[in-house]
Number of protein chains: 2
Amino acid sequence: MTTIGDVAKAAGVSVATVSRALRGVDRVSPRTRDRVLAAATELHYVASPAATSLVSGRTRGVGVITPYFNRWFFATVVSGIEKILREEGYHVLLCDLEGHTFDTRLPITQSMLWKRADGAIILNVPPLPSERSVLERLGMPVVTVGNQQPGWPSVRIDDRAAMAIATQLAIDLGHREIGYAGTVPASITHLQTPFDRRESFTQVLSDNGLECPPEWTLECDWTAAGAAEHANRLFDRPHFPTCIVAASDEMAFGVMSAARRHGLDVPGDVSVIGIDDHVHAEIFDLTTVRQDVEAQGRRAGRLMLDALHGRDSANIIDEVHDVQLMVRGSTGPPRRRSSRTRSRRAATAVGAPATVGSPAS
Amino acid sequence: MTTIGDVAKAAGVSVATVSRALRGVDRVSPRTRDRVLAAATELHYVASPAATSLVSGRTRGVGVITPYFNRWFFATVVSGIEKILREEGYHVLLCDLEGHTFDTRLPITQSMLWKRADGAIILNVPPLPSERSVLERLGMPVVTVGNQQPGWPSVRIDDRAAMAIATQLAIDLGHREIGYAGTVPASITHLQTPFDRRESFTQVLSDNGLECPPEWTLECDWTAAGAAEHANRLFDRPHFPTCIVAASDEMAFGVMSAARRHGLDVPGDVSVIGIDDHVHAEIFDLTTVRQDVEAQGRRAGRLMLDALHGRDSANIIDEVHDVQLMVRGSTGPPRRRSSRTRSRRAATAVGAPATVGSPAS
DNA sequence: TTGAAAGCGGTACCAC
DNA sequence: GTGGTACCGCTTTCAA
């Protein structure tokens with residue numbers, strides 16, 4: 001279609017002048033500028049990003065590397081990033097690393113970023129050594145979200161602290177039999193968060209002289225459906241915890257669902273706590289530890305822009321965002337009961353509401 | 001970093017030979033080829049997409065234009081598209097049109113696609129005439145998802161049929177007082193789906209001699225939270241419908257939540273039906289009309305690839321995917337009741353489960 | 001089979 | 001203030 005040459009011809013000037021006039025840099029006489037602008041508009045001229053990028057060496061794109069993209073947390077982070085970048089004329093290059101199973105992922109390669117993006121934002125996946133060297137060779141600014149990596153600025157919450165808050169709430173409510181939902185992937189290089197949260201959970205328990213037996217640990221894939229499936233099996237057992245702490249709200253939803261299907265009252269028979277404050281957490285009255293996911297995305301976008309504009313802060317910043325305990329209706333003190341006399345009843349319809357009663361009843 | 005010239009030097013051949021060897025086209029002697037490959041690997045050479053694209057005129061990118069990106073439906077479609085495109089070495093350029101309010105959006109511009117993508121997939125937004133001419137001027141293949149546009153292949157469900165199924169279920173269950181959740185944006189050029197679904201709902205009702213008064217129509221923004229807010233006001237009224245049909249599962253979630261907070265039994269006091277089969281619909285036992293969203297994304301990606309490879313089918317295909325009624329626990333026949341004697345009770349805790357009882361009790 | 005060279009569409013330096 | 005022109009890195013004739 002229209003090239004800069006066409007505009008030059010139409011405006012009766014040289015391509016150099018068109019380039020200057022269009023970008024508003026350098027001095028161009030107002031009259032010439034107007035003629036050029038008119039011609040450009042007339043011809044629907046838009047500069048070819050390929051050509052611009054070839055000569056300038058920059059792309060105005062930022063690679064966003066995400067382990068899953070079709071999950072609330074990641075989509076929300078990306079959305080935050082995108083809004084900030086767009087304000088400054090940058091766009092997002094989506095690099096989805098989703099593999100075939102929960103604990104595999106695609107590698108970060110040079111060709112997904114090289115000359116395609118001016119910087120990279122990595123969501124939650126700790127790069128392998130080989131991936132690190134790719135990133136270093138690329139020589140572009142990197143910002144991480146969700147965990148801290150040496151040498152790169154980061155935006156995140158303190159996963160251990162968040163989980164400690166959730167676990168402590170369970171203990172403070174009087175629970176002593178506490179289950180956990182949230183697998184740690186086989187490879188820690190896949191995701192750090194599952195590891196940190198689980199470790200923190202175990203730590204807080206043991207600090208309080210408690211422990212969570214393996215059969216109360218739901219090894220699910222961080223989806224609601226996966227958690228529901230495992231929780232269903234848990235609730236089939238004669239004895240199960242009075243509270244389940246889930247490493248994410250989505251898993252917590254699955255646990256709540258399984259409880260209801262078993263005719264169990266939440267929180268009467270079992271309390272459920274999540275982490276995230278998922279967009280549906282309030283709707284489903286889930287007690288959780290809130291993090292502002294989109295804000296983290298926006299901050300990561302901003303840090304990237306700063307780095308791109310050479311406004312690198314002298315020291316590498318590690319921005320740890322606050323979390324906030326949101327106590328809602330899914331938690332309460334344990335109901336005094338033995339495994340025999342608990343109020344379980346047959347669910348009359350799949351998923352029908354269970355019992356009536358306030359948490360304290 | 002490394003350019004084709006560096007590789008040529010290292011391999012002791014010309015850049016032309018490097019180019020040929022690396023892409024496996026044309027004849028290159030095996031020995032030369034090996035030397036080039038070795039040098040390229042050694043130097044971590046990756047061709048600059050900008051340069052390649054400048055000369056070839058193609059980018060191996062496909063623009064995906066979406067009204068919102070951080071919503072389950074759209075993220076899932078994009079995920080499906082991305083998986084297919086990636087297989088053939090194409091990548092996704094995300095163009096998020098999200099505006100500041102539910103019924104505004106950013107325009108589709110030439111500069112977001114021009115020389116950046118080889119084709120465009122448009123999700124659910126009917127282009128304005130001016131946007132159509134941009135797309136036509138660009139001369140790239142276009143595929144639409146979610147609705148049909150003249151001249152372009154499309155992948156979608158029949159929104160009217162889907163809503164008719166949902167509405168008919170309500171009627172078949174015996175409901176006569178039926179409410180609706182799902183605003184139609186002020187501008188029909190924003191989204192077509194809300195319009196189609198609402199119209200179909202109204203149509204089926206009137207075919208059955210029924211109607212939905214304005215005060216039972218929840219004008220919410222297609223989010224769970226928005227629907228919950230409006231449903232809360234509805235349930236505050238002395239008289240409200242025995243069934244609410246929501247134009248999306250997310251809104252249905254909001255309605256269910258509001259019902260529970262009002263101490264209402266679902267489906268005893270009020271039935272709820274959605275459309276989509278959202279990833280959490282089964283978990284929350286929501287009756288809905290299922291569509292396979294990711295499959296639609298994959299098909300759209302495939303159609304795009306076909307067009308890109310010149311395998312254009314002679315006639316423009318309009319692929320209408322099947323939907324499937326999923327009857328779950330959120331629906332049942334209306335309980336015989338007047339507005340005075342219904343089983344409403346004070347919610348003991350926000351969101352506490354309501355009553356016990358099978359749908360038929 | 002391989003190399004030289006002419007672009008692809010811009011930008012930026014250097015004259016005028 | 002404006003025009004000429006040498007690249008940016010790669011692909012693709014055209015010759016050798």
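Proteins come first, then strands; the chains are lettered A, B, ... in the order of their sequence lines, and each starts at number 1.
The residue Val25(A) sits apart from the nucleic acid: no heavy atom pair falls under 4.0 Å. Nucleic acid contact for Arg20(B): base, since at least one base atom lies under 4.0 Å from a heavy atom of the residue. Ser53(A) comes within 4.0 angstrom of nothing in the nucleic acid, heavy atoms only. Using a 4.0 Å heavy-atom distance criterion, Ala47(B) is classed as a sugar-phosphate-only contact. Nucleic acid contact class of Val18(B) (heavy atoms, under 4.0 Å, all strands): none. Heavy atoms of Ser56(B) sit nowhere under 4.0 angstrom from any nucleic acid atom.
Along DNA chain C, the nucleotide nearest to Trp114(B) and the one nearest to Val28(B) differ in position, and the one closer to the 5' end is contacted by Val28(B). Residue-to-nucleotide proximity on DNA chain C shows that, of Lys115(B) and Thr17(A), the 5′-proximal contact is made by Lys115(B).
Per the geometry, CZ belonging to Arg116(A) stands 13 Å off P belonging to dC10(D), to the nearest Å. Atom CZ in Arg23(A) sits roughly 9 Å away from atom C1' in dG10(C) (whole-Å rounding). What separates CZ of Arg33(A) from P of dG3(D) is a distance of 16 Å, to the nearest Å. As rounded to whole Å, 11 Å separates atom P of dT11(D) from atom CG of Leu54(B). Summarising the geometry, the separation between CZ on Arg58(B) and P on dC8(C) is reported as 16 Å, rounded to the nearest angstrom. Regarding Arg60(B), its CZ atom lies at a distance of 12 Å from the P atom of dT11(D), rounded to whole Å. Regarding Leu43(B), its CG atom lies at a distance of 15 Å from the P atom of dG9(D), rounded to whole Å. Between Arg35(A) atom CZ and dG3(D) atom C1' the separation is 14 Å, expressed in whole Å.
A donor-acceptor pair shorter than 3.5 Å can be found between the side chains of Thr101(B) and Thr104(B). Neither side chain, Arg156(B) nor Gln148(B), offers a donor N or O lying under 3.5 Å from an acceptor on the other. For the 3.5 Å distance criterion, the side chains of Thr17(A) and Ser14(A) qualify, holding a donor opposite an acceptor.
The two residues Glu294(A) and Ser79(A) have their closest heavy-atom pair at OE1-OG, 4.3 Å.
Residue Thr3(B) places its side chain closer to dG9(D) than to any other of dT2(D), dG9(C), dG9(D). Considering only the side chain of Ala16(B), dG3(C) comes nearest among dT2(D), dG3(C), dT11(C). Relative to the side chain of Ala51(B), the nucleotides dT2(D), dG9(D), dG10(C) differ in distance, and dG9(D) lies closest. Counting only heavy atoms from C-beta on, Tyr45(A) has its side chain closest to dG10(C) among dT1(C), dT11(C), dG10(C). In this structure, of dG4(D), dT11(C), dC8(C), it is dC8(C) that holds the atom nearest to the side chain of Val55(B). Relative to the side chain of Ser29(B), the nucleotides dT1(C), dA5(C), dG10(C) differ in distance, and dT1(C) lies closest.
A salt bridge is absent between Arg298(B) and Glu82(B); no separation between the charged side-chain nitrogens and carboxylate oxygens falls under 4.0 Å.
The phosphate of dG9(C) (OP1 or OP2) has no side-chain N or O of Thr52(A) nearer than 4.0 angstrom. Contact check, Ser19(A) against dT11(C): a side-chain N or O comes under 4.0 Å of OP1 or OP2. Regarding contacts with the backbone of dG3(D), a side-chain N or O of Ser14(A) is found under 4.0 angstrom from either OP1 or OP2.
One finds the CG atom of Asp118(B) at 7.5 Å from the OG atom of Ser56(B) (value rounded to the nearest 0.5 Å).
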